[in-house]
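The structure appears below as structure tokens.
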Amino acid sequence: ESMLDRRKFLSFIPAAAAFGSMLAVSPSTVMAASGREPKGVGAIQNLMRGHGLLLRGLIIYDVIGVRIGKGQDIDPALILKVAGVVRDYFQGFHENAEEKHIFAPLEKANVVHDSIQELKVQHGAGFELTQRITALAKSGKRTPELVRYLDDFGKMYRHHMAWEDTVVFPAFNAMESRKDLSELEATFDVEEKNALGHSGFDSFVNIIAGVEKQPR
């Protein structure tokens, strides 16, 4: 636990909002949001839609944390499903693509270099937190420690996504030519299919949507 304590990524992030129930979203709205994958998704749009998916997972973590704090019953399988999306989609594809194709060229050009170093540390911390969340959920323990890990993960990644969307990605777009961006779109498409399968993104959207539709 000392490894996480030495990191400063939580020191300046406001507390996440508490939720008292699952998402107030109708099943029809959820299904509409998880429809067919759009064609020609640009490289940056690919990453930003991933951020939208992660945000939905963080909202679920918020709800679960509040319920555990109130002593309410929570099915650990719901935590494991969200953590599985984080592990398989974000850590298996999304963050690797960011570091290889977005962070590395910016580092080479010495653009927003310090921000990228912090974001890379957060990738590592996110992996560690996900392991801890998964281990506690598998044990069936609904403890204050689990609530703290869920909260820490949510606080860190809300900051993380906002910084990428408003600082890092615009800096990358400004640096790259239209031709390079078009080639990167094709690269992302190939790498995503290789890592996740043909319907990879949609399958993860459906997992999150299924958790969201659990009874309130």
Side-chain angles (χ1 to χ4, degrees), residues 1-14 16 41-62 65 79-137 146 148-173 175-176 184 187-188 191-192 194-196 200-201 204-205 207-208:
E1 189 165 356
S2 59
M3 184 179 297
L4 283 178
D5 293 340
R6 289 196 299 269
R7 289 168 175 154
K8 300 178 181 179
F9 55 78
L10 298 176
S11 60
F12 51 89
I13 306 172
V41 178
I44 298 301
Q45 183 183 353
N46 184 307
L47 296 174
M48 292 180 73
R49 72 175 182 175
H51 287 173
L53 178 61
L54 179 57
L55 181 57
R56 288 168 68 175
L58 297 185
I59 293 170
I60 294 169
Y61 274 177
D62 288 341
I79 302 173
L80 291 173
K81 286 181 180 180
V82 177
V85 170
V86 172
R87 180 190 65 245
D88 295 338
Y89 177 76
F90 288 96
Q91 295 164 353
F93 165 72
H94 180 101
E95 292 181 346
N96 288 334
E98 284 180 340
E99 293 192 13
K100 179 179 178 181
H101 298 295
I102 308 297
F103 292 179
L106 288 169
E107 286 179 302
K108 185 176 181 180
N110 199 30
V111 176
V112 294
H113 185 273
D114 290 346
S115 295
I116 288 171
Q117 304 319 302
E118 179 69 12
L119 293 170
K120 287 166 69 175
V121 169
Q122 291 177 356
H123 282 176
F127 179 81
E128 186 173 341
L129 281 168
T130 297
Q131 287 187 311
R132 297 184 181 197
I133 289 166
T134 300
L136 285 173
L146 174 57
R148 186 172 74 251
Y149 290 153
L150 295 173
D151 187 54
D152 285 351
F153 189 90
K155 286 176 179 177
M156 182 179 71
Y157 268 96
R158 282 182 169 91
H159 168 267
H160 186 99
M161 293 186 293
W163 205 257
E164 287 181 342
D165 289 350
T166 62
V167 176
V168 175
F169 295 166
F172 180 81
N173 265 333
M175 187 177 73
E176 297 295 296
L184 184 58
T187 298
F188 268 38
E191 291 187 0
E192 182 174 312
N194 288 340
L196 306 173
F201 182 77
F204 291 107
V205 172
I207 292 170
I208 293 296

Exercise for the section: Can you measure from CZ (Phe93) to CG (Asn194) and round to the nearest 0.5 angstrom? Expected result: 10.0 Å
Exercise for the section: For Tyr89 and Ile207, run side-chain contact (heavy atoms from CB on, under 4.5 Å): C-alpha distance rounded to whole Å, both residues' side-chain angles, the deciding distance at 0.1 Å, then the answer. Expected result: CA-CA 11 Å; Tyr89 177 76; Ile207 292 170; over 6 Å; no
Practice task
Determine the minimum heavy-atom distance between Ser115 and Trp163, stating which atoms define it.
Solution key: OG-NE1, 2.9 Å
Problem - Taking every non-hydrogen atom, the tightest pair across Tyr149 and Arg132 - result: OH-NH1, 3.2 Å
Exercise for the section: Look up atom OG1 in Thr166 and atom CE in Met161, then write down how far apart they are to the nearest 0.5 Å. Expected result: 12.0 Å
Fill in the blank from the handout: The reported gap from NE2 in His94 to CZ in Phe188 (rounded to nearest 0.5 angstrom) is 8.5 Å
Problem - Leu146 CG to Leu150 CG distance, which is reported to the nearest 0.5 Å - result: 4.5 Å
Practice task
Compare all side-chain heavy atoms of Glu164 with those of Leu47 and state whether any distance is below 4.5 angstrom.
Solution key: no
Practice task
Taking the side chain as every heavy atom from C-beta outward, state whether Arg158 and Leu55 have any atom pair closer than 4.5 Å.
Solution key: yes
Handout entry: Phe169-His51 aromatic ring centre distance below 6.0 Å
Key = yes
Handout entry: Closest heavy-atom pair and its distance - Thr134, Ala83
Key = OG1-CB, 3.6 Å
Problem - Donor on one side chain, acceptor on other, His123 and His160, under 3.5 Å - result: yes
Practice task
Write down the atom of Ala195, the atom of Gly92, and the distance for their closest heavy-atom approach.
Solution key: CB-O, 4.3 Å
Handout entry: Shortest non-hydrogen contact from Ala171 toward Val111
Key = CB-CG1, 4.0 Å
Completion exercise
Rounding to 0.5 Å, atoms CG (Asn96) and CD (Glu191) come to a distance of 9.0 Å
Exercise for the section: Go through the steps to decide whether Val86 and Phe153 satisfy the test side-chain contact (heavy atoms from CB on, under 4.5 Å), and finish with yes or no. Expected result: CA-CA 11 Å; Val86 172; Phe153 189 90; 3.7 Å; yes
Exercise for the section: Report yes or no: does Gln117 contribute a side-chain atom to a donor-acceptor pair with the main-chain N or O of His113 at less than 3.5 Å? Expected result: yes
Exercise for the section: Would you check if Leu184 and Phe172 make a side-chain contact, meaning some heavy-atom pair closer than 4.5 Å? Expected result: yes
Exercise for the section: Compare all side-chain heavy atoms of Asp88 with those of Leu196 and state whether any distance is below 4.5 angstrom. Expected result: no
Exercise for the section: Report yes if the side chains of Asn46 and Phe201 come closer than 4.5 Å at any heavy-atom pair, otherwise no. Expected result: no
Completion exercise
Closest non-hydrogen contact found for Met175 with Ala109 is SD-CB, 3.6 Å
Problem - Distance (rounded to the nearest 0.5 Å) between Leu80 CG and Arg87 CZ - result: 8.5 Å
